[in-house]
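So you know, we letter chains A, B, ... as the sequences are listed, proteins then strands, and number each from 1. Quick caveat, the model's predicted, so the values are computed rather than measured.
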Amino acid sequence: MEIKFYPLDFTYQYKDGTTYISIYGKTIQNESLCIVQPYRPFFYIKIDNLDTKKLAEKLKDLQVEAKYNPENAKVTGHEPIEKELLGKTQLFWKVYVNYPKAVPIISREIASWGIECYEKDILFVHRYLRDNNIVPMTLTKAVGKFNSKSSLRVPLFEAEKVQPLSLDTPPNLKILAVDIETYAKEKIINFDKNPILMIALYGADENGKEFKKVLTWKNFSHDSDFIEFVSDETQLLQQFKEILLHFKPDILTGYFSDGFDLPYILYRANKLGVKLDLGADYSNLQADTRGDAQEREASITGTLHLDVFKFVRNIFGKNLKTDSYSLDAVSEEILGDKKKVVNLDLLADTWDNNVDGLHDYCIYNLHDAHLTYRLCLKLLYDMIEFTKIVGLPTFDVIHMRFSKLVESYILKRAVEYNVIAPNKPAGKEMDQRMEETFEGAFVYEPIPGLYKDIVVFDFRSLYPSIITSHNIGPESFSCDCCKEVGKVPTLEQYWFCTQDKKFIPNVLEHLINIRAVLKKEIKEAKAKGENTLMLEARSWAIKTLANSFYGYLGFFGARWYSIESARATTAYARNYIRTTMAKAEEHGFKVCYGDTDLLFVLLGDKTLNDALKFQKEVNAVLPGTMELELENYFTRGLFVANKSNTKGAKKKYALISKEGKMKITGFEMIRSNSSLLAKKTQEKVLRLILEDHIPEALSTLQSEIKKLLAGEVPLDQLIIRTQITKELNSYSAIAPHVAIAWQMVKRGEVVSPGSTVEYIITKGKGLVRDRAKIPVDVKAGDYDAEYYLHNQLLPAVSSIFLVLGYSEEQLLGEKKQTGLGKFF
DNA sequence: TGTAAGCGGGG
DNA sequence: GTGTACGCTTACA
């Protein structure tokens, strides 16, 4: 018979001389099951001029003792095969062994004979998926029969054939989020000493019905329908297990559940003798309780465990503004919702002495689970799209950094290209690679000033398009045929083949092509008013992956490492931006700025049409997929000088479009630790200047100064926020924010690293830190105007006015204006 | 100025 | 798990 299903989670086992892949998934009828199929472990060896007869004999007799394994490691067969390694087609043997763990054992032995072994460290499940082109999360077909004697928690299907059907993904997955609260008197997390006090679960069943629950083991009066009391911690864990087995989530999610919640649950369960055999095969919850918490992984066979934090840290965080990946910060940015505010330091005391106070903590606990659930739901599209491109289990994908994602994608494509993967570096080679460096992008030093009529061009996907257009990669480097014609500009000892398109640039080009198709689809779907979230997630996934190829080629741990390729890519990029600048000048344009792939051109007495003509001319000679795009036209742009000297600051400018939209880059005063007064004034002033109202900008600033000095600025505009980054007593210098933190501690509040303190600098004499006060204690007007003027307001705007010819003294009205307010 | 340790997340 | 293994900041010689 034939079944259609979506694969979610994978494992393998060895039984009676055969290794079976287990695929846990859901059928299109929404039923969970396990599909098993035999698959043989193997790796490759290079057969240069070896005596193959002798080698075959040796392999046949080879047997390596293997402790803790089902049997001694043996070779079970071999077959010759032609494959390409780093651009050269050569003869290899595919060597089969008796079980997956025999691969490293046997290959190590063969390597000691001086024979090169390849693909000996590719995970068995990954190997199976790639060789059979099976993509997790997508519609798949299996042919075989059900085994009525399944010893699993789900039906067992024995497959003769498993094959992909389409890229359709499961329509409804049951997600359950988990979050725990633990007893903690000190800051240190101690699995052994401190019990779990409550466990929150939030999810939705297949009908979309909300499920919410907080389990806890102390009674108190309350009116919440989601709280369930149990007798003790043992029962808490027991009930957690019952709920999981009853709810049967397809996806179990958590926030840092790999490193905290699940390891903690497992540790306590082991200590209290609760068996957490939650796996579909009755295997135990697997979680590391020791070692580096950041690198831990937790899993339940048959259930897809997704730690949202891991996905954010490794992959999604790049396009978030926040640089903290705490649940609070990430939820706020993605969901617009924050954690509930409770004092966790008081939880242990509340637990011991004031049970009625526990209700707030239960609400807090549930809310964390709810946030996690919503984050998982929101990010699931993105996780699935990476799964589909890379072709590996979602669990594995979210644990990968970009280098590994790129490599996994290349490895998948290597199967169809009949390419053998180069080995990972080890020992000396690794050390050597780590020392190799390469020059980055070119940034033009702007002349400080206010400019008008700026046209911004950018090279679309610069690095990927250079790699594909110039055939850059380890296989095409230093070929025999193109020494004269394939030279890299400014790096002439390097050349790349101009004859055949090689593997790496081919793979990347394919990625770029599917994105181009996708972009069209998105446009069409949008025109029809259709939901494009999934397509956009896919497009984003492909773009980020494509953009990572360049970094991958220069990454020391890469199989397809090629520092020359990375160097050539940036050399080409620098050359393109420079020659394009020169060409703009030839066309009579003045260039005011350029950075990596961006080019800022002044129209001067020319028209937008002239600029388009220039663009067309540039594009006419650009090779391959390279393209210069017109990004935008800005009516005004401001470039300021560095603080320490008069040179133009790089990566720091403000632009305004015809529609009045501002684009501000790099002005570091726009930071969370600046007061609202500084932020708002800076923005107002910038806008006025860019809108060509320089006198008004000046008068606005001066009236703000006047208000400030007169004590009329509202206190909420003067609050300064600074983060406490370490334990208070480890600060050697007592800055104002540390002084404030101590004040708060004296009042019984707890200030832990990571928390932000707020303060206002008040009037008076002496040290600034002694005059820092908690905002609620400050009376209106009781602020140190001079401090705010010189430490907040002026630093935010002085570099801006300096460009226009106004010194600080002039801003303060101490000197007459000598500035020119000139245009360039 | 260079290398080692330590943190991130979580209560 | 056919093991690894990130990247930045801070501490100290």
Query raised in the report: What nucleic acid atoms does A:Asp258 come within less than 4.0 Å of, heavy atoms only: base, sugar-phosphate, or nothing?
Result: nothing
Query raised in the report: Where the side chain of A:Glu297 is defined as all heavy atoms beyond and including C-beta, which of C:dG1, C:dT4, B:dG9 is the nearest nucleotide?
Result: C:dG1
Query raised in the report: side-chain contact (heavy atoms from CB on, under 4.5 Å) with A:Gln63: which residues, sequence neighbours excluded?
Result: A:Asn72, A:Lys74
Could you write out each protein N or O paired with an N or O of nucleotides 5-9 of chain C at a distance under 3.5 Å?
from  : atom 1 : to       : atom 2 : distance (Å)
C:dC6 : O4'    : A:Arg401 : NE     : 3.2
C:dC6 : O4'    : A:Arg401 : NH2    : 3.4

Report task. Using the P atom as the reference point in each nucleotide, state the distance between C:dC6 and B:dG10 in Å, no decimals. Result -> 23 Å
**Report entry** Pairs involving residues 313-322 of chain A, ordered by first then second residue, that meet side-chain hydrogen bond (donor to acceptor under 3.5 Å, both in side chains) (sequence neighbours left out)
**Finding:** A:Gln294-A:Arg313
Report summary line: Ranking B:dG11, B:dG10, C:dG3 by distance to the side chain of A:Tyr255, first place goes to B:dG10
Requested in this report: Classify the side-chain pair A:Asp349/A:Asn353 by whether it contains a donor and acceptor separated by less than 3.5 Å.
Outcome: yes
Requested in this report: List in numerical order all residues of residues 350-362 of chain A for which some heavy atom is under 4.0 Å away from an atom belonging to DNA chain C.
Outcome: none
Query raised in the report: Looking across every strand, which nucleic acid part, if any, lies under 4.0 Å from A:Phe402 by heavy atom: base, sugar-phosphate, or nothing?
Result: nothing
Query raised in the report: Quick one: salt bridge (Lys or Arg N to Asp or Glu O under 4.0 Å) partners of A:Glu332, sequence neighbours excluded?
Result: A:Lys338
Query raised in the report: Between which residue ranges does DNA chain C form stems of three or more consecutive Watson-Crick or G-U wobble pairs, both distances under 3.5 Å?
Result: B:1-8 with C:6-13
Report task. Tell me, please, which residues at least two apart from A:Lys94 pass salt bridge (Lys or Arg N to Asp or Glu O under 4.0 Å). Result -> none
Query raised in the report: Rounded to whole angstroms, how far apart are CD on A:Glu435 and P on B:dT3?
Result: 9 Å
Query raised in the report: With a 3.5 Å cut-off and just heavy-atom distances, do the side chain of A:Asp345 and the base of B:dG11 make a donor-acceptor pair?
Result: yes
Requested in this report: Under 4.0 Å between any heavy atoms, over every strand shown, what does A:Lys339 touch: base, sugar-phosphate, or nothing? Just pick one.
Outcome: sugar-phosphate
Query raised in the report: How far, in whole Å, is B:dG11 from C:dA5 if one measures between their P atoms?
Result: 24 Å
Query raised in the report: Of all residues at least two apart in sequence or in a different chain, which pass the salt bridge (Lys or Arg N to Asp or Glu O under 4.0 Å) check with A:Glu435?
Result: none
Report task. Using a 4.0 Å heavy-atom cut-off across all strands, classify A:Glu186 as base, sugar-phosphate, or nothing. Result -> base
Query raised in the report: In whole Å, what is the span from the CG atom of A:Leu371 to the P atom of B:dG9?
Result: 16 Å
Requested in this report: Scan residues 397-412 of chain A for pairs that pass side-chain hydrogen bond (donor to acceptor under 3.5 Å, both in side chains), counting only residues two or more places apart or in two chains.
Outcome: A:Asn133-A:Lys412, A:Asp258-A:His399, A:Glu295-A:Arg401, A:Glu407-A:Tyr552, A:Glu407-A:Arg559, A:Tyr409-A:Arg413
Report task. For A:Arg127, report the nucleic acid contact type (base, sugar-phosphate, nothing); a contact means any heavy atom under 4.0 Å. Result -> base
Query raised in the report: For residues 122-131 of chain A, which residue pairs qualify under side-chain hydrogen bond (donor to acceptor under 3.5 Å, both in side chains), counting only residues two or more places apart or in two chains?
Result: A:Gln37-A:Tyr128, A:Tyr39-A:Asp131, A:Glu119-A:Arg127, A:His126-A:Asp396, A:Arg127-A:Asp131
Report task. Using the test salt bridge (Lys or Arg N to Asp or Glu O under 4.0 Å), find all partners of A:Lys424 that sit at least two apart in sequence or belong to another chain. Result -> none
Report task. For A:Ile105, answer base if it contacts any base atom (sugar-phosphate contacts may also be present), sugar-phosphate if it contacts only those atoms, and nothing otherwise; contact means non-hydrogen atoms under 4.0 Å. Result -> nothing
Query raised in the report: Contact class for A:Leu197 (heavy atom, under 4.0 Å): base, sugar-phosphate, or nothing?
Result: nothing
Report task. Identify whether any heavy atom of A:Phe42 sits under 4.0 Å from a base atom; if not, whether one sits that close to sugar-phosphate; answer base, sugar-phosphate or nothing. Result -> base
Query raised in the report: Between A:Thr11 and A:Thr301, is any side-chain donor less than 3.5 angstrom from a side-chain acceptor?
Result: no
Query raised in the report: Which residues pass the side-chain contact (heavy atoms from CB on, under 4.5 Å) test with A:Thr19, sequence neighbours left out?
Result: A:Tyr12, A:Tyr14, A:Pro41, A:Tyr99, A:Pro100, A:Phe124
